[in-house]
Colleague: 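Take this structure, written in structure tokens, and hold onto it; I'll ask about it next.
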Amino acid sequence: MILNDLIAIKEKEIAGRKKIILRCCLAAGCMSSDSKGVKEQLDKAVADAGLQNEVEVRGVGCMKLCCEGPLVAVEPENALYVKVTADNAPLIIGALKGSKAAIPQADPNSAFFAKQLSIVLANSGIVDPERIESYIAMDGYQALHEVLHEMTPKDVVETMVKCGLRGRGGAGFPTGLKWGTVAKSPGAKKYVVCNADEGDPGAFMDRSVLESDPHSVLEGMAIAAYAVGADQGFIYVRAEYPLAIARLQIAIKQAKTMSLLGSGIFESPFNFNVDLRIGAGAFVCGEETALMMSVEGKRGTPRPRPPFPAESGLFGCPTLLNNVETFANVPAIYRKGAEWFAGIGTEKSKGTKVFALAGKIKNTGLIEVPMGTPLRTIVEEMGGGAPDGGTIKAVQTGGPSGGCIPSQHLDTPVDYESLGKLGSIMGSGGMIVMDQTTNMVEIARFFMEFCMDESCGKCIPCRAGTVQMHHILDKIVNRKATARDLAKLEELCDMVRNTSLCGLGQTAPNPTMSTLRFFRNEYEALLQSDPHGAQANGTANKTELGTK
Amino acid sequence: MAAKTLTIDGKQISAEEGATVLQAATEAGIPIPTLCHLEGVYDMGACRLCIVEITGIPKLLPACTTKVAEGMEIKTNSERLRKYRRMILELLFAERNHVCAVCVSNGHCELQTLAYSQGMEHVRYDYTFPKWNLDTTHRLFGMDHNRCVLCNRCVRVCWHIEGAGTKNVSGRGAKSRIITDLNMPWGDADSCTECGKCVMSCPTGALFNKGSTVGEMERDRDKLEFIVNAREKKQWIAD
């Protein structure tokens with residue numbers, strides 16, 4: 001494979017395009033509403049109408065407005081049919097010939113779509129994720145060619161530093177710095193690992209990227225491998241994502257067949273192979289050291305850092321570990337340049353962020369917005385606000401490691417620092433909207449229960465601390481707790497956060513701490529007066545428990 | 001090997017490059033409480049009792065896995081650390097059924113000793129009273145999960161000193177438990193060599209010699225150190 005071959009594939013693909021393209025969503029969300037049946041019926045209706053030479057029915061990835069699925073988009077007239085059933089297929093084909101189809105449509109110019117800026121999701125809902133030619137037609141793998149033939153690994157790292165991309169897994173570590181560290185770590189063998197163990201409740205960004213555009217992740221990994229000097233990659237996907245796994249397998253096979261993965265990629269001395277590793281259902285395996293243990297075939301428990309994976313990671317070798325969304329950003333950065341990317345977003349948070357919008361909101365689905373977009377724009381304009389005339393009470397970001405941002409802070413711009421200041425985190429991109437009916441103490445209890453169940457059990461503060469914190473939260477919800485219990489809860493939050501071994505334990509108190517910060521009155525309203533004399537209003541009795 | 005100089009609790013000390021903070025402190029006579037640490041096997045930084053404050057590092061780090069560095073300033077005994085350690089011990093006592101009065105290790109128990117030394121006078125958290133069973137199927141030894149603190153010492157000893165790989169951990173979180181072979185009764189675990197090193201390594205009364213009663217279980221940890229020294233340093237020195 002040389003550049004001319006790649007361009008030939010692209011041109012052939014574009015030349016072979018039919019006049020009308022019906023894009024039918026075949027990502028997991030719409031598939032659960034029988035979009036596969038819709039596609040089959042569309043194919044049949046096209047054949048029945050004898051339009052095979054004019055109409056292509058393309059199975060594509062996520063088209064973002066998940067709540068209205070199954071979605072079918074029509075090119076070039078730019079219509080988007082929603083809640084399509086298999087029976088609607090003949091109507092949609094009929095509409096191509098001018099008859100009015102009585103199928104509900106979404107407005108592609110509404111705020112939900114208009115305010116989005118797609119980099120990671122640029123191909124999502126456009127390309128057929130099961131055909132590499134479809135990706136190549138969108139200039140796929142051209143960035144890899146350019147990197148291999150026109151840049152040194154050092155240049156590649158420099159571009160990554162310049163563009164300002166930060167890790168999209170949640171913590172926001174500068175990607176360029178990480179690449180540079182791995183590149184500089186001595187070692188003949190190095191690894192690149194993609195973390196696709198997305199586990200936050202309500203988050204489905206990475207799943208959608210893998211189901212919709214797997215080749216962008218593979219290309220991103222290959223560029224990263226060239227930059228750091230690795231020849232082997234692993235994608236660690238959770239077993240709960242069977243469709244993502246299947247599409248990755250197809251994508252890897254196709255890339256290997258075309259020599260875009262394997263030995264001597266693009267006739268260069270660069271070799272790179274990618275293998276899949278399937279998770280076995282433990283949330284903690286999204287933590288990088290636990291993930292590597294799991295890839296090695298060991299029990300998935302974290303280990304203390306340092307040493308960091310960049311120095312000693314998988315099988316003791318220097319390892320670059322990035323999240324799906326981080327890798328998916330990479331090809332576009334090398335295609336369009338670091339300056340282009342650095343021009344998007346805020347001073348310290350560059351580019352865009354994909355969010356999975358869920359909860360008590362009209363438009364649920366996938367959105368990609370520039371960093372710095374105010375939460376209000378996302379929730380009220382794009383999301384359409386709370387359904388059924390409700391009012392938004394809070395927005396939860398960062399899943400079990402994040403916090404709840406109350407409605408008075410909705411004007412906060414979405415970037416790493418601003419969310420951190422409010423006691424929440426950017427997280428991997430789960431965004432759960434809550435309305436006035438939500439009990440914030442129950443939310444805190446829900447996330448604490450999640451962390452308690454998912455604690456690996458290795459370190460004591462997380463293993464035993466989450467049990468006690470959950471117990472106290474349960475007591476508060478059931479109106480059996482006193483002010484003394486609340487004080488104990490806060491003390492435990494502080495201790496577990498500061499003494500736990502890994503990120504799971506260190507952030508497990510976050511939902512509780514952030515709801516205590518903004519909704520303390522809801523906690524206090526549930527407290528009972530202390531039979532031993534403490535007041536229910538939060539002032540603890542001076543005689544400490546147990547000093548008798 | 002280069003030496004490093006550092007300050008621990010205001011005391012200037014020197015340590016070998018590659019040594020852990022715990023080793024450096026121990027050599028200088030500065031006590032740091034530990035539970036999952038055991039001489040002779042690698043450290044895993046799990047119990048968090050040996051956490052220390054290091055100037056310039058916002059996070060608390062376990063002394064057992066943190067390597068010394070030139071000019072490090074370490075505090076091992078601040079009020080904050082003492083409070084966290086007491087809380088960790090309280091959590092352990094509330095987690096399983098640690099009843100000293102009927103325990104084979106009463107008087108020789110590291111958990112008990114730690115509670116005394118760290119000033120844990122009472123447990124403020126609700127006891128969870130979990131229902132754990134007892135495995136006495138082995139010919140020589142018994143395992144009482146009620147007294148297990150999941151320090152993983154027995155697992156590490158079994159894999160890395162004896163090399164048998166009988167002991168392991170199953171489940172996660174508070175439901176984690178030490179198992180033998182593929183979660184079968186200890187007596188049926190074919191890989192067990194009956195060496196007894198796990199029993200020697202246990203800090204509490206969870207692993208015991210059959211036939212011992214209250215307070216009778218004393219452990220000879222020097223044996224483990226002796227074996228490791230003999231193997232790695234070729235020093236056959238017994239105390």
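So you know, we letter chains A, B, ... as the sequences are listed, proteins then strands, and number each from 1.
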Colleague: Check whether B:K83 gets within reach of chain A through its side chain, its backbone, both or neither, counting any heavy atom under 4.5 Å.
Modeller: side chain
Colleague: Determine, for B:W132 and B:R177, whether the Lys NZ or Arg CZ falls below 6.0 Å from the six-membered ring centre while staying within 45 degrees of the axis.
Modeller: no
Colleague: Step through the shown structure and confirm whether more than 12 heavy atoms of other residues, nucleotides or ligands are within 6.0 Å of CZ on A:R277.
Modeller: yes
Colleague: If you count heavy-atom pairs within less than 4.5 Å of chain B, which of A:V467, A:D453, A:T301, A:V496 leads?
Modeller: A:D453
Colleague: With a 4.5 Å cut-off on heavy-atom pairs, point out which of A:Q506, A:E454, A:H471 contacts chain B the most.
Modeller: A:E454
Colleague: Chain B heavy atoms under 4.5 Å from A:T466: which part of the residue, side chain, backbone, both or neither?
Modeller: neither
Colleague: Is A:D494 in contact with chain B via its backbone, its side chain, both, or neither, using a 4.5 Å heavy-atom distance?
Modeller: both
Colleague: With a 4.5 Å cut-off on heavy-atom pairs, point out which of A:G465, A:S455, A:G300 contacts chain B the most.
Modeller: A:S455
Colleague: Which residues satisfy the salt bridge (charged side-chain N to carboxylate O under 4.0 Å, His left out) test with B:R82, sequence neighbours excluded?
Modeller: B:E79
Colleague: Salt bridge check: are B:E90 and B:R85 linked by an N-O gap of less than 4.0 Å?
Modeller: no
Colleague: Below 4.5 Å from any heavy atom of chain A, which atoms of B:T128 appear? Answer side chain, backbone, both or neither.
Modeller: side chain
Colleague: May I ask you to check if A:R520 and A:Y523 form a cation-pi contact, with NZ or CZ under 6.0 angstrom from the six-membered ring centre and within 45° of the axis?
Modeller: no
Colleague: Under a 4.5 Å heavy-atom cutoff, which of A:R299, A:K475, A:R303 has the most pairs with chain B?
Modeller: A:R299
Colleague: Can a cation-pi geometry be assigned to B:R48 and B:Y84, taking NZ or CZ under 6.0 Å from the six-membered ring centre and within 45° of the ring axis?
Modeller: no
Colleague: Can you establish whether the number of heavy atoms outside B:K75 located under 6.0 Å from its atom NZ is more than 12?
Modeller: no
Colleague: Which one of A:C451, A:G457, A:C456 has the most heavy-atom pairs closer than 4.5 Å to chain B?
Modeller: A:C456
Colleague: Check whether A:I472 gets within reach of chain B through its side chain, its backbone, both or neither, counting any heavy atom under 4.5 Å.
Modeller: neither
Colleague: Hey, which of B:I88, B:V149, B:I51 has the most heavy atom pairs under 4.5 Å with chain A?
Modeller: B:I88
Colleague: Give me the atom names and distance for the closest heavy-atom approach of A:T515 to A:A444.
Modeller: OG1-CB, 3.7 Å
